[in-house]
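Shown next, in structure tokens, is the structure this report addresses.
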Amino acid sequence: MRGAALTMGACQIRLQADALVIAEGVYHKVLSRDEAGVTLRTLGARPVTVTKTHAELADLYFGEPRRLQLVEDTAAGLPQGVRDNLLRNIDTFDVRQQDAALMRLDYVQACDRCFAERTHRKVPKGYADIARLVAAERRQRAIENEGSHPDDVPLERVSGSSLKGWYGRWRKGGKSIVALIPLDDLKGRAGFRLDPEVEMIIAERVREDWLTRNGPPLSHVIVFIQGRIERENKTRTVPFDVPDGMTIRRWVKANVSQFDVIYHREGPAAAEQAFRHVKKAPRRRGRSKSSRSTTRRSTCWSWRATARRRGTGAARTSARGGSGSRSRSAPRPA
């Protein structure tokens, strides 16, 4: 395997620098290696550097169950954007990106099950069939969980080629959900980039201070965020860059939907009212034959019911001996 070599006699695993490994379920990047052992650094927002002796690595690799996995070969074939995302924690991404990754996870996990059970083949038609099955299942689940009308829940459209790409990224990324994060932010324009820990601070303060009922305006929350980062810098060797107000506003615009803003600041009823026409399934123009006949029957029923009510009212008037309003057909007295 490229990136590592095993020396069985001395029980050493010769890892190359920058190799990516999973040790005890945690992603690590190899920093250096010497006679004493190997220096590793965890990936994510708060990296930790650890040193493992050769004996410890051999025990992780050869022990049962195996707790050391070499993944540098597969990760090397991923796009740069996916490799960058693997260095971050899922919580540092926009909520909409997390939702998209969770949606894709349903599809790729279904692929894993179908391929393991050999009910589908790894061909374009197999991926397309799995995508249709998962889309129908997710739609039915949404209808049952949300109590929505079937016409209000559209069917997701995922092509076989898209699912094949997601599945490949997921497997090459060590089956990490972060590998399924959309790369839309890398398209079109060069967006602003913040340190992942700074993004976590922004997300925390926005969620706890701004996305609340009767919360302060965003300008006040920006001051809170900048003060929090300045306090963090007092304990750091390398300080964070304190983002300006416009940068924080752009982050909020890119990561918080308008529905979430209204939902959390004004309430669920206001959000439903403002977005009542959103996410409606497309409907066919015109009415079917059965719909027209149903409408005709209901119209006739309504007319007959009205006539019966009028007739009953006239009969009651006659029974009262003409009290009340006179019938239009009755002649006036001379």
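Residue numbers count from 1 along this sequence.
- The same ILVMFWY cluster, assembled from side-chain heavy atoms under 4.5 Å apart, contains both V261 and L218.
- When side chains are defined from C-beta on, I225 does not count as touching V242, because their heavy atoms never get closer than 4.5 Å.
- Using a distance-only test at 3.5 Å, with no hydrogens or angles considered, no donor-acceptor pair links the side chain of R41 to the main chain of V50.
- For the pair R169 and Y167, the cation does not sit on the ring face, since its NZ or CZ is not both under 6.0 Å from the ring centre and inside 45° of the axis.
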Salt bridge (charged side-chain N to carboxylate O under 4.0 Å, His left out) evaluation trace for R141 with D106 | CA-CA 12 Å; R141 193 163 64 227; D106 282 346; 3.0 Å; yes
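- At a threshold of 4.5 Å between non-hydrogen side-chain atoms, the residues Q69 and V21 do not count as touching.
- Under a cut-off of 6.0 angstrom, the local environment of CZ in R118 is sparse, with at most 12 non-hydrogen atoms contributed by other residues, nucleotides or ligands.
- The residues R236 and E232 are annotated as not salt-bridged, no charged nitrogen and carboxylate oxygen being separated by less than 4.0 angstrom.
- Distance check: M200 CE to D195 CG gives 10.5 Å after rounding to the nearest 0.5 Å.
- If you chain together hydrophobic residues whose side chains sit under 4.5 Å apart, I202 and L211 fall into the same group.
- Under a 4.0 Å N-O distance rule, the pair R139/E156 does not qualify as a salt bridge.
- No more than 12 heavy atoms of other residues, nucleotides or ligands shown are found within 6.0 angstrom of CZ on R121.
- Side-chain contact between K164 and I130 is absent, with no heavy atoms from C-beta onward closer than 4.5 Å.
- In this structure, F62 is a member of the same hydrophobic cluster as L15, with clusters built from ILVMFWY side-chain heavy atoms closer than 4.5 Å.
- Counting heavy atoms from C-beta on, the side chains of E272 and F259 come closer than 4.5 Å.
- The shortest non-hydrogen separation linking V178 to N85 is CG1-O, 2.8 Å.
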CA sep, side-chain torsions, deciding dist, call: Q109, W170, side chain to side chain contact (heavy atoms under 4.5 Å, CB included) | CA-CA 9 Å; Q109 287 180 337; W170 182 61; 4.2 Å; yes
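- Of the charged side-chain nitrogens involved, none lies within less than 4.0 Å of a carboxylate oxygen, so that D260 and R265 do not count as a salt-bridged pair.
- The CD1 atom of I222 sits 5.5 Å away from atom CD1 of I248, with the distance rounded to the nearest 0.5 Å.
- The 12-atom threshold is not exceeded at OH of Y263, counting heavy atoms of other residues, nucleotides or ligands nearer than 6.0 Å.
- Between D112 and K175 the shortest heavy-atom distance is OD2-NZ, 2.7 Å.
- Atom CD of E204 sits about 14.0 Å away from atom CD of E199, to the nearest 0.5 Å.
- Interatomic distance, CG of L68 versus CG of D59, reported as 10.5 Å (0.5 Å rounding).
- Residues V108 and M103 fall within the same hydrophobic cluster, defined by Ile, Leu, Val, Met, Phe, Trp and Tyr side chains chained together at heavy-atom separations under 4.5 Å.
- The main-chain N or O of P243 is found under 3.5 Å from a side-chain atom of Q226 such that the two form a donor-acceptor pair.
- Taking the side chain as every heavy atom from C-beta outward, V158 and W166 approach each other to under 4.5 Å.
- Side-chain N or O atoms of T42 include one that pairs as donor or acceptor with a backbone N or O of V48 at under 3.5 Å.
- For D241, the CG atom counts as loosely surrounded, since its 6.0 Å shell holds 12 or fewer non-hydrogen atoms of other residues, nucleotides or ligands.
- Smallest separation of non-hydrogen atoms from L183 and G81: CD2-C, 3.9 Å.
- Residue pairs meeting the side-chain hydrogen bond (donor to acceptor under 3.5 Å, both in side chains) criterion with at least one partner in residues 208-220, sequence neighbours excluded, are R205-E208, R205-D209.
- In this structure, R67 is not positioned above the aromatic face of Y61 in the sense of NZ or CZ being under 6.0 Å from the six-membered ring centre and within 45° of the axis.
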Does the pair L40 and L31 meet the rule for a side chain to side chain contact (heavy atoms under 4.5 Å, CB included), with working shown?
-> CA-CA 6 Å; L40 307 172; L31 298 182; over 6 Å; no
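- A side-chain donor-acceptor contact under 3.5 Å links H28 to the backbone of V26.
- Note that CG of N255 and CZ of R207 are 12.0 Å apart. Values are rounded to the nearest 0.5 Å.
- Side-chain contact check for E144 and Q140: at least one donor-acceptor pair (N or O, by modelled atom type) lies under 3.5 Å.
- Put simply, the side chain of L60 does not reach to within 4.5 Å of the side chain of E56, judged on heavy atoms.
- Both I177 and L163 are part of a single hydrophobic cluster, where members link through side-chain heavy atoms under 4.5 Å apart.
- Looking only at side-chain heavy atoms (C-beta outward), V256 and V206 come within less than 4.5 Å of each other.
- Shown here for P216 and V221, the closest heavy-atom pair between the two residues is CG-CG2, 4.0 Å.
- The shortest non-hydrogen separation linking G173 to A179 is CA-CB, 4.3 Å.
- Side-chain contact, N89 with T92: no donor N or O sits under 3.5 Å from an acceptor N or O.
- Ring centroids of Y107 and Y127 are separated by 6.0 Å or more, keeping the two rings apart.
- The closest side-chain heavy-atom distance from S176 to L86 is below 4.5 Å.
- The distance from the OG1 atom of T119 to the CG atom of D129 is 10.0 Å, given to the nearest 0.5 Å.
- We find that D99 and R104 are not joined by a salt bridge, their nearest charged nitrogen and carboxylate oxygen being 4.0 Å or further apart.
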